[in-house]
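Data block below; observations after.
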Amino acid sequence: MASNTLSFEGCNFLRQRLILSTLSGRPVKIKKIRSKDDNPGLRDFEASFIRLLDKITNGSRIEINETGTVLYYQPGMLTGGSLDHDCNIQRSIGYYLELLLCLAPFTKKPVKAVLRGVTNDQTDLSVDLIKASAFPIMKKFLGTDEGFELKINRRGAAPGGGGEIFFCCPTRQKLRPVQFKDPGKIKRIRGVAWAVRVSPAFANRIVDATRSVLNKFLPDIYIYTDHLKGSQSGKSPGFGLTLVAETLNGTFLSAEMSSNPNGSPDGPSVPEDVGKQTAKLLLEEIYSGGCVDSNVQSLACLLMALGQKDVSKLQMGALTPYTMQFLRHLKDFFQVMFKIDPIVKGEDDETRTGGEKLLLTCVGVGYSNLNKGLI
């Protein structure tokens with residue numbers, strides 16, 4: 001085992017550890033994965049995640065013991081290129097897509113991936129939300145609009161799945177440092193209400209309920225209805241809503257909600273409840289504010305840390321527990337420390353409304369895409 005191998009215990013934050021291991025080139029050994037459970041070891045969706053990681057790299061060494069409670073991973077070279085992956089339906093495609101978002105800019109060839117599985121569920125970020133909130137922040141660091149694509153070919157609600165998406169991302173030699181300290185005021189809200197294998201009226205009912213809450217806040221609201229049928233509608237009935245608020249300065253804040261899956265112990269969801277609840281979640285997201293969505297804080301921190309040896313500054317709302325752990329892992333893998341300052345609202349400052357705001361500052365490690373030069 002290599003001397004610079006990092007050791008961890010437990011199944012929590014497995015994705016963070018494997019992603020950062022791949023980028024830093026440091027091997028990891030993860031022990032005691034659900035060792036006290038009745039059903040110990042890696043779950044099927046985690047094994048599927050590791051298989052996808054193996055597809056995007058070349059020369060990785062992955063060792064799992066018989067019970068699945070110990071994982072050793074020595075990263076290979078990030079090759080990218082065309083990928084085709086059937087995601088395990090225990091988690092949605094968003095769970096796997098977050099891996100590609102973090103690694104795709106640093107591959108040898110641009111990633112063109114087709115992923116199949118669940119497009120919308122109640123656990124992970126949906127494909128709609130990733131496109132709405134992760135893409136804008138990635139474009140700032142990569143400095144380009146070209147080559148980004150995320151297309152839903154088929155929607156698949158939980159639990160049956162049956163969805164398919166196409167994801168495309170350009171590669172970059174280096175990332176740009178970004179200073180983004182003023183989110184700006186909200187100028188418009190956009191959204192998509194989707195429904196599969198249920199009446200198209202469900203999507204319209206979601207839109208009406210959402211407007212009843214948001215019209216008090218802003219007049220410029222447009223929610224697109226997406227009703228798919230036949231082979232494009234996946235294997236399970238479901239409906240949901242993704243909302244995005246855009247500011248004058250190009251900040252995108254989003255919220256989403258999906259109906260209870262078929263056979264859920266909580267019973268079926270009501271479209272009006274989904275609409276109103278998502279609208280309230282969006283208002284909470286706007287209240288906590290910041291220049292990036294709380295769902296993509298960790299992605300923004302990663303791109304700041306991997307930037308050139310220059311200062312990046314980003315305003316955020318309160319940090320999520322996932323982001324806090326991600327910052328600890330960035331210190332473990334890259335020795336990057338963030339300076340976190342609370343932003344104090346002045347008495348005459350009327351622009352900073354809402355919850356606590358933080359200013360995150362870091363100097364990038366000067367990460368360079370060595371794979372790109374090998375073409």
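- Glu256 places no side-chain N or O within 3.5 Å of a backbone atom of Leu281 that could act as its donor or acceptor partner.
- With respect to the salt-bridge test (charged N to carboxylate O, under 4.0 angstrom), the residues Lys55 and Asp84 do not qualify.
- Counting only distance, with no hydrogens or angles, the side chain of Arg176 and the backbone of Leu142 share no donor-acceptor pair below 3.5 Å.
- Relative ring orientation between Phe135 and Phe167 is described as tilted, the plane-to-plane angle lying within the 30° to 60° band.
- Counting only distance, with no hydrogens or angles, the side chain of Asn260 and the backbone of Gly267 share a donor-acceptor pair below 3.5 Å.
- Note: Phe333 and His329 have perpendicular aromatic rings, judged against thresholds of 30 and 60 degrees for the angle between ring planes.
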* Could you go through the side chain to side chain contact (heavy atoms under 4.5 Å, CB included) check for Met316 and Leu319 one step at a time? => CA-CA 7 Å; Met316 292 189 188; Leu319 298 181; 3.9 Å; yes

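- Between Asp332 and Arg17, no side-chain nitrogen of the basic residue sits less than 4.0 Å from a carboxylate oxygen of the acidic one, so the salt-bridge criterion is not met.
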* Determine, stepwise, if the pair Cys87 / Val118 fulfils side chain to side chain contact (heavy atoms under 4.5 Å, CB included). => CA-CA 8 Å; Cys87 304; Val118 175; over 6 Å; no

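- Lys235 NZ: 12 or fewer foreign heavy atoms inside a 6.0 Å radius.
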* To do: Go through the steps for Glu9 and Lys31 under the test salt bridge (charged side-chain N to carboxylate O under 4.0 Å, His left out), then give the verdict.
  => CA-CA 5 Å; Glu9 287 187 4; Lys31 297 177 279 195; 5.3 Å; no

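- Comment: Lys32 does not engage Asp37 in a salt bridge, judged by the lack of any side-chain N to carboxylate O separation of less than 4.0 angstrom.
- Across all non-hydrogen atoms, the minimal contact from Asn153 to Gln232 is O-NE2, 3.5 Å.
- In this structure, Arg190 pairs ionically with Asp220, as a charged nitrogen and a carboxylate oxygen lie closer than 4.0 Å.
- Less than 6.0 angstrom separates the ring centroid of Tyr367 from the ring centroid of Phe106.
- In terms of modelled atom types and a separation under 3.5 Å, the side chain of Arg154 and the main chain of Thr119 share no donor-acceptor contact.
- A salt bridge (charged side-chain N to carboxylate O under 4.0 Å, His left out) with Glu46 is found for exactly one of Arg34, Arg91, Arg15, namely Arg34.
- A salt bridge links Glu272 and Arg205; the closest N-O separation between the charged side-chain nitrogens and carboxylate oxygens is under 4.0 Å.
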